[in-house]
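Input: a single structure, listed below in structure tokens.
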Amino acid sequence: MAPQTRGMSFPKVLIERDSNSEESSSEEEEEDDDVQNDVAEESDDEHVEEKDEASTSTRIRREPITISLKKVCKVCKKPGHEAGFRGATYIDCPMKPCFLCKMPGHTTMTCPHRVATEYGVAPAPHKSTHSSLEYVFERQLRCRVSAIKPAFLIPNKVNCAVIRYHSRRITCLEFHPTRNNILISGDKKGQLGVWDYGKVHERTVYGNIHGCILNNMKFNPTNDGTVYGASSDGTISSTDLETGISLSLLNLNPNGWQGLERVSESVGGAKVTMGPSSWRMLYGLDMNSDKGILLAADNFGLLYMVDMRSNNVTGKPILIHKKGSKVTGLHCHPLQPELLLSCGNDHFARIWDMRRLEAGSSIYDLSHKRVVNSAYFSPQSGSKILTTSQDNRLRVWDSIFGNLDSPSREIVHSHDFNRHLTPFRAEWDPKDASECLVVVGRYISENYDGIALHPVDFIDVSKGQLVAEVMDPNITTISPVNKLHPRDDVLASGSSRSIFIWRPQENFELKRPRDENRIVLCGKGEKQRKGKFEDDSGDDFDNGTYGSKSLKTKKPFLKSKAYGSKRKC
DNA sequence: AGGGAATGGGGCC
DNA sequence: TGGCCCCCCTTCCC
């Protein structure tokens, strides 16, 4: 069956970049092949050092503490092997647990979860609780989940991008609820971007709303011209997207945030007696439309509520996660307004009843091995839960009314914590009626024809199967932030400071990473250039091409039959 | 070009 | 509880 095309025509690929031109032409890499060589050279003798003879001849002295210049592994500091990149392939330290599944005894390269077609699924421990309650809810809610899985249509081809639009890494993305081509973005500096990716050049950045990390944004359900934001500066904002005029609805650091002052390195003045340990940061924004309240939580485990009509704080902060620990996310149930899902650094995701919201009164505590970056109800029926945890596992609970003691599935997936990356969050496809398709960026790289690339993965969470991994040779940075469009077949990715818009394209070629057999999707005919997008010749690039002049198409991508994004399951 | 900085989380005492 | 140290595939700027 021919690959489907729901997304019809593809506009030209357009790249927008801030004028801040920083020509990056330096890194033309003629020497793809040399990379290979220096790998082989590791048999270096010149590093062995005179230490050897010293120790043989002068036995008398105690074994000196001299630093051997012999190469050691940068991870375990032991000689005999070296971790790190060899060319575009990363070699793990064999002394450490697998970087992917965290189990000892093998490395990422040989990890069973990496080579498996079912991408690292741990079978669910079978449960056998069938209460009548469960039965009722199954009938009421479960029926909303389509039993028939539609063919997944994967946005696999970069359609346009804004490079250096933000000045710091992207931290959140949100599609406009009614205007199809509008994407808003937040960054680490607290700036809010509004981009019309239909008209690539129309974008605005508001820089005076927040002082640092904009963690979450949500459109106002009653007025989609305004957007709420929760920031690590400890405030919730309400911003008019047209004017950029912003209101602060909550401020947890009313005495100022010393960090901000220090960063802007102003103020030789009085030292405030605040320290990092008392700064309050806000995460996880969502709203309960029923009650008309906005919810956000902080890094001390507290939940705050703001009345959306009066814009005033309502009620007292409620401890919803371990005291002093960060709440990383909040999500209100799409159908049942009384249900709230939270997750945090205390290794739990918790389900709450909004009618009985007080410390310790959660309905369920979903236990994880590590910090939970995100927890979401499924987008349409809300009957499933998906979490992303720093133990490199996605967890799925198939029915919130069933036995929640353990997840229905654990899917091993590389989305490690890294201090300098926005935390990865697996996101549902809001259009998928079967509530199976999920998108999540991948941390570990793949040697992709000599370039280390970090794909964005599409996973069928009902099976744990990797449906597609999409990548682009021009995106060499990790893409931890991903969002699927509520109506269109569009994926938005935030990768470092750049934002990319992907659309489906059937005319894609099969491509194999250098080291193994997995199938990946990649653009065809693009230049393979390790570097950045170029736009020095203007913006109108041909479809399928990012560069213009100096486009050296090197080794063409492997030819094979088209792999439409049509995987049925 | 290579070193440093960026304010996150865990484990240990 | 708090301070200290470590850290595995970062990224970008100086």
Side-chain angles (χ1 to χ4, degrees), chain A residues 18 20 22-24 26-27 73-78 81-102 104 107-109 111 114 163-164 166-171 187-190 211-213 215 232-234 257-263 265 274-281 283 299-300 322-326 328 344-347 368-373 389-392 414-424 441-448 451-455 475-481 494-498 513 515 530-532:
Chain A
D18 263 5
N20 160 16
E22 152 222 86
E23 276 325 300
S24 57
S26 43
E27 65 244 323
C73 170
K74 66 175 181 185
V75 176
C76 71
K77 313 284 188 283
K78 295 205 174 70
H81 64 274
E82 270 187 273
F85 275 106
R86 296 189 191 170
T89 304
Y90 192 92
I91 309 296
D92 273 356
C93 169
M95 311 304 273
K96 292 281 185 173
C98 170
F99 192 59
L100 172 57
C101 74
K102 309 300 177 196
T107 64
T108 308
M109 205 63 81
C111 178
R114 189 181 198 219
I163 319 277
R164 281 159 215 273
H166 284 275
S167 60
R168 293 286 185 273
R169 61 164 212 253
I170 303 296
T171 53
D187 73 18
K188 191 175 154 260
K189 218 172 156 189
C212 66
I213 314 180
N215 290 306
S232 285
D233 66 7
W257 200 48
Q258 200 190 348
L260 291 183
E261 290 166 13
R262 212 207 289 154
V263 166
E265 64 189 286
M274 291 183 72
S277 59
S278 63
W279 296 338
R280 290 185 179 265
M281 316 186 196
Y283 298 83
N299 54 332
F300 286 83
K322 185 178 168 190
K323 191 178 169 203
S325 76
K326 184 199 286 182
T328 52
N345 272 14
D346 62 356
H347 302 192
H368 293 69
K369 292 211 183 65
R370 290 291 207 92
V371 168
V372 189
N373 289 347
S389 170
Q390 289 182 9
D391 65 354
N392 262 4
S414 171
H415 48 254
D416 282 71
F417 171 78
N418 180 315
R419 180 183 182 175
H420 310 294
L421 296 176
T422 304
F424 289 84
R442 196 194 304 171
Y443 187 22
I444 49 173
S445 61
E446 204 78 70
N447 181 344
Y448 186 73
I451 312 174
L453 298 177
H454 309 264
I475 308 175
T476 54
T477 47
I478 296 171
S479 307
V481 188
S495 192
S496 185
R497 292 160 48 172
S498 304
D515 308 312
K530 184 175 195 162
K532 304 162 177 111

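Side chains included, hydrogens not; waters and symmetry mates left out as well; all remaining heavy atoms used. We name chains A, B, ... by the order of the sequence lines, and we start the count at 1 in each one.
- B:dC13 and C:dC8 have their C1' atoms separated by 25 Å, with the value rounded to a whole Å.
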Base contacts versus sugar-phosphate-only contacts with protein, heavy atoms under 4.0 Å: please encode nucleotides 8-13 of chain B as B, S and - from 5' to 3'. BSS---
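- For A:K78, the side-chain hydrogen bond (donor to acceptor under 3.5 Å, both in side chains) criterion is met by no residue, not counting sequence neighbours.
- In this structure A:S495 satisfies the side-chain hydrogen bond (donor to acceptor under 3.5 Å, both in side chains) test together with A:T477, A:S479, sequence neighbours excluded.
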Any N/O pairs under 3.5 Å between the protein and nucleotides 3-5 of chain B? List them or say none.
none

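- In this structure, the side-chain hydrogen bond (donor to acceptor under 3.5 Å, both in side chains) partners of A:S389, at least two apart in sequence or on a different chain, are A:D391.
- Straight-line distance between the P atoms of B:dT7 and C:dC14: roughly 16 Å, to the nearest whole Å.
- A:K326 pairs by the side-chain hydrogen bond (donor to acceptor under 3.5 Å, both in side chains) definition with A:Y283, not counting sequence neighbours.
- Comparing the same atom, C1', in B:dG10 and in C:dT11 gives a spacing of 23 Å after rounding to whole Å.
- With sequence neighbours excluded, no residue forms a ring-ring contact (aromatic ring centres under 6.0 Å, His included) with A:H454.
- Residues forming a side chain to side chain contact (heavy atoms under 4.5 Å, CB included) with A:P94 (at least two apart in sequence, or on another chain): A:H81, A:T107.
- Considering only residues two or more places apart in sequence or on other chains, A:F417 meets the ring-ring contact (aromatic ring centres under 6.0 Å, His included) condition with none of them.
- Here A:F424 pairs with nothing under the ring-ring contact (aromatic ring centres under 6.0 Å, His included) rule; sequence neighbours left out.
- Counting only Watson-Crick or G-U wobble pairs whose defining distances are both under 3.5 Å, the stems of 3 or more consecutive pairs in DNA chain B are B:2-6 with C:10-14, B:8-13 with C:2-7.
- Residue A:S445 is classed as a base contact, given a heavy-atom separation below 4.0 Å to a base.
- Residues passing the salt bridge (Lys or Arg N to Asp or Glu O under 4.0 Å) test with A:K96, sequence neighbours excluded: none.
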